[in-house]
Amino acid sequence: MGLDVAVIDIDPNAPGVCYADKFYEVSTNDISGILAAAENYHPDGIMTLATDMPIRSVASVAEKYKLYAVTPSVAQRATDKIEMIRCFERYDVPHPWFEVITFEEELKDLLLKHSVPFIMKPNDSSGSRGVVLVKDYHEVRDAFLYSKSVSKSGLILVEEYMQGPEVSVEVMTIRGETTILAVTDKLTSGAPFFVEMGHSQPSQLPNETIEKIKEVAIKAVQAIGIDNSPSHVEIIVTEDGPKLVELGARLGGDSITTYLVPLSTGVDMIQACILMALGQIPDIAKKFEKGSAIRYAECKLGVLQKINGVNEALNIPEVKHVEIVKCLGETLTPIRSSSDRVAYVITQADTAQDAIRMCENALGKIKFDIK
Ligand SMILES: Nc1ncnc2c1ncn2[C@@H]1O[C@H](COP(=O)(O)OP(=O)(O)O)[C@@H](O)[C@H]1O
Ligand SMILES: [Mg+2]
């Protein structure tokens, strides 16, 4: 794109550093450190990809230098699950019932008010860390302590257990105008830890349901006040209609916006976000309609010794990308959060269904030798 680019990362070996014209070794959560870097660099735009908390840093720089991004108060609402759900309540966006608790002593009152099952989660985590389903009264204390161990603030959100298909909605809001680029079907590991194991586009839900999902997603983006930003809105379609899980004022992760949106629509969502951050109005009109999918491997537990079959998987024409996330010699642990996942494949086909099938074919060819 011919841009001069500065990269900010706590890790000097981060993959993006070698592409940068300028590098600042600062944590993306360190707002004052990033403001100091901006003072030195004078950016024309600032953005992050699919991480939640750094949105607060982006918003602070954008406010100070009058750049295009969400405001700090929007960033706050979009990164604190408690503030977010209170905002949904205030603006009538369909959401699960919820309670906020801090101390173990409050569990007794909680159980007098609500019966199991329900969900517990930290207000300030991500990647499904600390999210747990409580199915039985006996599990409440352990679930609370597990969730609390991940919560930086110590606050735990207790929510109605919503059941039904889960989707995410990939959205761009540019100068007050909100456009939906894709509705993505989500596959999770299910109860108790709900780790995302796959995504596919376009959603295979009935059209009428997709229309309702889109309405709820736009309402949620407006309630939080998101503008000049992408959003990733997570929704579960319950018997009472689509309800909000959460949203991010950011691009969807797990390759949803880097790979799946371009493969299913022809829209380069990352380039669009860069242009938007620079104050331009990008072209986000759909170029074609295809299916795309990502599926994560399910592996045995143990030490990863060897991997065979990656080339065979890459030889399938529909396979666009294969990534092994873990290193040889690493111990594979039970999948409790996104960072425990081992490998994934990404495909493009005529339909979402075919794309998923080709992911499964490709994963079948990759052999993990685990001892
Ligand atoms: N109230 C709920 N009902 C049912 N499932 C939920 C609920 N809250 C979270 N989940 C499941 O847990 C996953 C992770 O929760 P989420 O609130 O999105 O946290 P994170 O920030 O870790 O992604 C969701 O994608 C969903 O599958
Ligand atoms: Mg989530």
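Both ligands and their constituent atoms are indexed starting at 1 by order of listing.
In this structure, the side chains of His95 and Glu159 stay at 4.5 Å or more apart for every pair of heavy atoms.
A distance of 6.0 Å or more separates the ring centres of Tyr161 and Phe118. Side-chain rings of Tyr65 and Tyr41 stay apart, their centers remaining 6.0 Å or farther from each other.
Among protein heavy atoms, the minimum distance from atom 16 (P) of ligand 1 is reached at Glu246 OE2, 3.6 Å. Annotation: atom 10 (N) of ligand 1 to nearest protein heavy atom, Val245 CG1, 4.3 Å. Among all protein heavy atoms, the one lying closest to atom 6 (C) of ligand 1 is Ile119 CD1, 3.9 Å. For atom 4 (C) of ligand 1, the closest non-hydrogen atom of the protein is Met162 O, 3.2 Å. When only non-hydrogen protein atoms are considered, atom 8 (N) of ligand 1 lies nearest to Lys121 NZ, 3.1 Å. Protein heavy atom closest to atom 25 (O) of ligand 1, with residue, atom name and distance, is Glu166 OE2, 2.6 Å. Here the heavy atom of the protein found nearest to atom 12 (O) of ligand 1 is Phe194 CB, 3.2 Å. The shortest contact between atom 21 (O) of ligand 1 and any protein heavy atom is with Lys81 NZ, 2.5 Å.
The Ser125 neighbourhood of ligand 1 comprises atoms 21 (O), with distances under 4.0 Å to a heavy atom of that residue. Each of the atoms 1 (N), 2 (C), 7 (C), 8 (N) of ligand 1 lies under 4.0 Å from some heavy atom of Glu159. Under a 4.0 Å criterion applied to the non-hydrogen atoms of Lys186, ligand 1 contributes the atoms 25 (O). Distances below 4.0 Å separate heavy atoms of Ser126 from the following atoms of ligand 1: 20 (P), 21 (O), 22 (O). Listed by number with element, the atoms of ligand 1 under 4.0 angstrom from any heavy atom of Thr188 are 27 (O). Atoms of ligand 1 found under 4.0 Å from any heavy atom of Glu234, numbered from 1 in the order shown, are 18 (O).
The nearest N/O/S atom of Glu234 to the Mg ion (ligand 2) is OE1. Closest to the Mg ion (ligand 2) among the N, O or S atoms of Glu246 is OE2.
Without hydrogens or angle criteria, Ser255 side chain to Thr258 main chain gives no donor-acceptor distance under 3.5 Å. In terms of modelled atom types and a separation under 3.5 Å, the side chain of Thr238 and the main chain of Gln163 share no donor-acceptor contact. Side-chain atoms of Lys219 come within 3.5 Å of backbone atoms of Asp92 as a donor-acceptor pair (strictly under, hydrogens ignored).
A cation-pi arrangement, defined by a distance under 6.0 Å to the six-membered ring centre and an angle within 45 degrees of its axis, is present between Arg336 and Tyr146. For the pair Arg175 and Tyr68, the cation-pi test (distance below 6.0 Å, angle within 45°) is passed.
The distance criterion of under 3.5 Å between nitrogen or oxygen atoms is met by Gly127 with respect to ligand 1. Considering both main-chain and side-chain atoms, Ser128 comes within under 3.5 Å of ligand 1 through a nitrogen or oxygen pair. Taking any N or O of Val131, backbone or side chain, none lies under 3.5 Å from an N or O belonging to ligand 1.
Under the 4.5 Å side-chain contact rule for hydrophobic residues, Ile346 and Val310 do not share a cluster. A single hydrophobic cluster is not seen to contain both Trp97 and Val100; linkage of ILVMFWY side chains at heavy-atom distances under 4.5 Å, directly or through other members, places them apart.
Ligand 1 is never approached by Gln163 to a heavy-atom distance shorter than 4.0 Å.
No hydrogens or angles considered: nothing links the side chains of Ser126 and Asp52 as a donor-acceptor pair under 3.5 Å. Between Ser153 and Asn123, the side chains place a donor N or O and an acceptor N or O closer than 3.5 Å (distance only, hydrogens not considered).
Using a cutoff of 4.0 Å between basic side-chain nitrogens and carboxylate oxygens, Asp254 and Arg341 are scored as salt-bridged.
Residue Glu196: no N/O/S atom is found under 2.8 Å from the Mg ion (ligand 2).
Contacts of Ile236 with ligand 1, taken as heavy-atom pairs under 4.0 Å, involve the side chain alone.
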